[in-house]
Peer 1: 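Have a look at this one.
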Amino acid sequence: MTRTSTQHQSSQIKFGNATLDRATFELSTPSGSLRLANKEFQMLEFLMNNPHTFIPSERFLEKIWGYDSESEINVVWVYISYLRKKLDALKANIQIKAVRNAGYSLEEIPDD
């Protein structure tokens, strides 16, 4: 019995007051919940699995749209905008920060 038990991956990812449910594609906070579109879900899942880490737009494009995609980089910007609006609407205490030439990261909004 030297092997450790495998970690059961939860269907939920939590960061700040936001919870992303992998089973239902739902983003929820104490203020309510919204169902995300597939690409929105994949982007937010990527960000929530790597909080405080800058992820370049190109990495989103490769991972979510694929290497063979005809999509251009601005599609990433559009989906980031959608996610920001949804996080704001749910009064999430997390935000997607952008740093020019570095990418996007998910950060908690400090309490005042």
Side-chain angles (χ1 to χ4, degrees):
M1 291 265 232
T2 57
R3 214 172 10 178
T4 59
S5 65
T6 56
Q7 286 277 346
H8 175 69
Q9 189 174 18
S10 169
S11 70
Q12 295 186 334
I13 309 169
K14 294 178 191 266
F15 186 67
N17 69 348
T19 302
L20 186 63
D21 192 319
R22 288 185 174 112
T24 62
F25 281 39
E26 223 168 72
L27 173 64
S28 58
T29 66
S31 300
S33 66
L34 291 170
R35 191 169 180 342
L36 299 180
N38 185 34
K39 301 285 189 213
E40 293 171 329
F41 170 81
Q42 289 179 58
M43 289 183 79
L44 191 56
E45 181 184 36
F46 196 18
L47 285 163
M48 288 180 87
N49 281 328
N50 301 284
H52 312 292
T53 303
F54 283 101
I55 302 166
S57 298
E58 293 81 10
R59 184 73 182 104
F60 282 114
L61 204 56
E62 291 167 7
K63 183 170 175 44
I64 296 167
W65 280 268
Y67 289 107
D68 300 335
S69 173
E70 303 270 330
S71 298
E72 297 193 16
I73 204 75
N74 63 342
V75 75
V76 173
W77 307 336
V78 169
Y79 277 88
I80 290 289
S81 173
Y82 293 160
L83 286 172
R84 284 178 168 153
K85 288 176 184 167
K86 289 182 177 185
L87 288 168
D88 195 42
L90 290 172
K91 297 177 176 54
N93 68 351
I94 59 175
Q95 64 183 349
I96 300 171
K97 284 193 143 183
V99 172
R100 190 179 294 274
N101 298 326
Y104 298 97
S105 74
L106 197 63
E107 308 288 332
E108 281 189 80
I109 300 169
D111 293 331
D112 290 331

Peer 1: Could you walk me through whether Tyr82 and Lys39 pass side chain to side chain contact (heavy atoms under 4.5 Å, CB included), step by step?
Peer 2: CA-CA 10 Å; Tyr82 293 160; Lys39 301 285 189 213; over 6 Å; no
Peer 1: Which heavy-atom pair separates Pro30 from Asn17 by the least distance, and what is that distance?
Peer 2: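 That closest heavy-atom pairing would be CD-O, 3.5 Å.
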Peer 1: Do the non-hydrogen side-chain atoms of Arg22 and Ile13 ever get within less than 4.5 Å of each other?
Peer 2: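 Yes, close enough: below the 4.5 Å cut-off.
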Peer 1: Taking Arg84's backbone N and O only, do any of them form a donor-acceptor pair with Asp88's side chain (distance below 3.5 Å, no angle check)?
Peer 2: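 Checking the backbone N and O of Arg84 against the side chain of Asp88, no donor-acceptor pair under 3.5 Å is found.
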Peer 1: Glu107 and Phe15: which non-hydrogen atoms are nearest, and at how many Å?
Peer 2: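 Scanning both residues completely, I find the closest heavy atoms to be C-CE2, 3.9 Å.
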Peer 1: Shortest non-hydrogen contact from Ile73 to Glu58?
Peer 2: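 Closest approach of Ile73 to Glu58, heavy atoms only: CD1-N, 3.7 Å.
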Peer 1: Going by ring pair (Phe, Tyr, Trp, His ring centres under 6.0 Å), name the pairs with one or both residues in residues 26-45, residues two or more places apart or in two chains.
Peer 2: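 Every ring pair (Phe, Tyr, Trp, His ring centres under 6.0 Å) pair that includes a residue of residues 26-45, provided the two are not neighbours, is Phe25-Phe41.
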Peer 1: For Leu36 and Lys86, which heavy atoms make the closest approach, and how far apart are they?
Peer 2: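 Closest approach of Leu36 to Lys86: CD2-CD, 3.7 Å.
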Peer 1: What distance separates Gln95 CD from Leu106 CG, expressed to the nearest 0.5 Å?
Peer 2: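 It comes to 9.0 Å.
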Peer 1: Report yes or no: do Ile109 and Ile80 belong to one cluster of Ile/Leu/Val/Met/Phe/Trp/Tyr joined by side chain heavy-atom distances under 4.5 Å?
Peer 2: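 The answer is no; the residues belong to distinct hydrophobic clusters.
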Peer 1: For side chain to side chain contact (heavy atoms under 4.5 Å, CB included), just list the numbers for Leu47 and Ile94, CA-CA rounded to whole Å, side-chain angles, deciding distance to a tenth of an Å, and then say yes or no.
Peer 2: CA-CA 11 Å; Leu47 285 163; Ile94 59 175; over 6 Å; no
Peer 1: Show, in sequence, the C-alpha distance, side-chain angles and deciding distance for Glu26 and Ser28, and conclude whether the side chain to side chain donor-acceptor pair (under 3.5 Å) test is met.
Peer 2: CA-CA 6 Å; Glu26 223 168 72; Ser28 58; 5.6 Å; no
Peer 1: Transitively linked via ILVMFWY side-chain contacts under 4.5 Å: Phe46 with Leu34?
Peer 2: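 In one cluster with Phe46: Leu34, yes.
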Peer 1: What are the two closest heavy atoms between Ala18 and Met48, and how far apart are they?
Peer 2: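 Smallest interatomic distance, heavy atoms only, reads O-CE, 3.7 Å.
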Peer 1: Evaluate side chain to side chain contact (heavy atoms under 4.5 Å, CB included) for Met43 paired with Glu40, printing each intermediate quantity in order.
Peer 2: CA-CA 5 Å; Met43 289 183 79; Glu40 293 171 329; 6.0 Å; no
Peer 1: Indicate the atoms forming the closest heavy-atom contact of Ser71 with Val75, along with that distance.
Peer 2: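 Heavy atoms of Ser71 and Val75 come nearest at CB-CG1, 3.9 Å.
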Peer 1: Going through the distances and angles, do Tyr104 and Val76 end up as a side chain to side chain contact (heavy atoms under 4.5 Å, CB included)?
Peer 2: CA-CA 10 Å; Tyr104 298 97; Val76 173; 4.3 Å; yes
Peer 1: In the hydrophobic clustering that connects Ile, Leu, Val, Met, Phe, Trp and Tyr at side-chain heavy-atom distances below 4.5 Å, which members other than Val99 occupy its cluster, ordered by chain and number?
Peer 2: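 Noted: Val99 shares its cluster with Phe54.
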Peer 1: Using the rule that two of Ile, Leu, Val, Met, Phe, Trp, Tyr join whenever any of their side-chain heavy atoms come within less than 4.5 Å, decide whether Tyr67 and Trp65 are in one cluster.
Peer 2: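 Cluster IDs for Tyr67 and Trp65 differ.
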Peer 1: In Å, rounded to the nearest 0.5 Å, how long is the span from CG of Asp21 to NZ of Lys14?
Peer 2: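 Separation between the atoms: 9.5 Å.
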Peer 1: Check whether any side-chain N or O of Thr29 sits under 3.5 Å from a backbone N or O of Leu90 as a donor-acceptor pair, and report yes or no.
Peer 2: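 Yes, the answer is positive, given that a donor and an acceptor are paired below the 3.5 Å cut-off.
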